[in-house]
Amino acid sequence: VEIPSASGMRLRRGDHLPSITAEADTAITRRTAQRAERVETPGLAPRFGSGSPLWAEALGANVLDVDGNRYIDLTAGFGVAAVGHRHPVVVEALRRQSGVLIHGLGDAQGHELRVQLAEALCAVSPIEDSRVAFAVSGADAVELSVKTAMLSTGRSRILAFAPSYHGMSLGALSLSSRRHFRRDFAEHIHQQVTRLPFGCPTSQLEESLSGARFAAAVVEPIVGREGVLVPPAGWLLKLAQLCRRHGALLIADEIFTGFGRTGHWFAVQGEDVEPDLLCCGKALGGGIPIAAVLGRRSVMAGWDAPGEARHTATFVAQPLACAAALATLGVLHSKNLVARAANLGRGFATQLLDWPKRVPEVRDVRGRGALWGIEWTTSAEAQAFVARARRRGLLLLAGGESGRVVQLVPPLVLTDRQLAFCLETLTAVAVK
Ligand SMILES: Cc1ncc(COP(=O)(O)O)c(C=O)c1O
């Protein structure tokens, strides 16, 4: 396969340490940036050439840019590459499946793989007697879960939290908290949303849930993109209890935290919480788009009605994506990657937790398993840290409303040698 690379280099393995030999942002990147300007939509395309590399290839925990620099991807492609980029088992499943059946229309043209995948998801679901409904993206899964709650309860008001991120489609956007994303579309988004601070006093939860008839509360068990926030001990359980008491369903958005990321199959399991509905996506497809909602049988029964399916999409449960997801779940099981995430978490904790004492510009460090956030006092400091790490071969992203929280989201296949390198390098570029 030809890749657009100045160096002609290829990745043979995914367990390498970084190798930075050229300036990112060279001629090939600049040319691509100019071409993008002519054909892509400004403000929506990646900012080619602004210092972040132009990806040519990725394998395991490694990314190769067009200039021949090799990185360790501490974003896991934003939570997608839990089993690593281009895992050979996933690639082989895609190769096999693409020789047999690529497409079947979502709700009309059935195939056996979707049943297999639903069985595999039920087997790891934290919800007893689960049923699965498939979706094409995280936002689609969130909307499906909210529609399910409305159908099941006959109510429409939703309790959401700030900060939170649930996706960008109009329905999901009504739940996502960031004003920058919502402001220009306010007229068109679901108005029936009450928003409370994430981790607020439980008296506030009680007051809201008892004061209005909510269909559901939608919550990220650990807030991901909006700043890696871990709720106070017992908060999620209290929210679950109050929802039950007041007839609202609990929707756990585990699109970021699912499939081992926090050291459990799902983060709710670390809090002894059984939600009524759970949204998952991202890591599920091993790089291929697919998402799903898992829900209690009695709740999902609300969809059972004559006539055409009331929620579907052309590519829902596409055979190719189901094959990739089955392979991904297989790798998570066979390589014990959920336990590996817990292990990585111990490594991160040992090295990072004292940073607020050692680095004056670091306000807080928090996380679980293989999901950590380093909160800097300003976004400029966060960005400077990301840039310093990139020059040493580590790819990171900063998130949160003001861009101050640098996220550590490694592939769960990160090796011990890679982990040691990452910890040493991050410390070297943070502690001056
Ligand atoms: C918690 C959470 N929910 C929903 C979404 C939206 O998923 P997608 O981008 O696949 O629509 C994301 C994406 O980052 C997420 O982190």
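In listed order, ligands and their atoms are each counted from 1.
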Do K282 and F259 meet the cation-pi criteria used here (NZ or CZ under 6.0 Å from the six-membered ring centre, within 45° of the axis)?
no
With ring centroids as reference points, do F256 and F78 lie under 6.0 angstrom apart?
yes
Using a 3.5 Å distance criterion without hydrogens, assess whether the side chain of E254 forms a donor-acceptor pair with backbone atoms of C280.
no
Sequence neighbours excluded, the answer for side-chain contact (heavy atoms from CB on, under 4.5 Å) partners of S177 is A162, P163, S164, R195
Are F161 and W235 close enough that their ring centers fall under 6.0 Å?
yes
Could you please provide the protein residues found below 4.0 Å of ligand 1 on a heavy-atom basis, arranged by chain and number?
F78, S137, G138, A139, Y165, H166, G167, E220, D253, I255, F256, K282
Spell out, as yes or no, whether a donor-acceptor pair under 3.5 Å connects the side chain of E274 to the backbone of E128.
yes
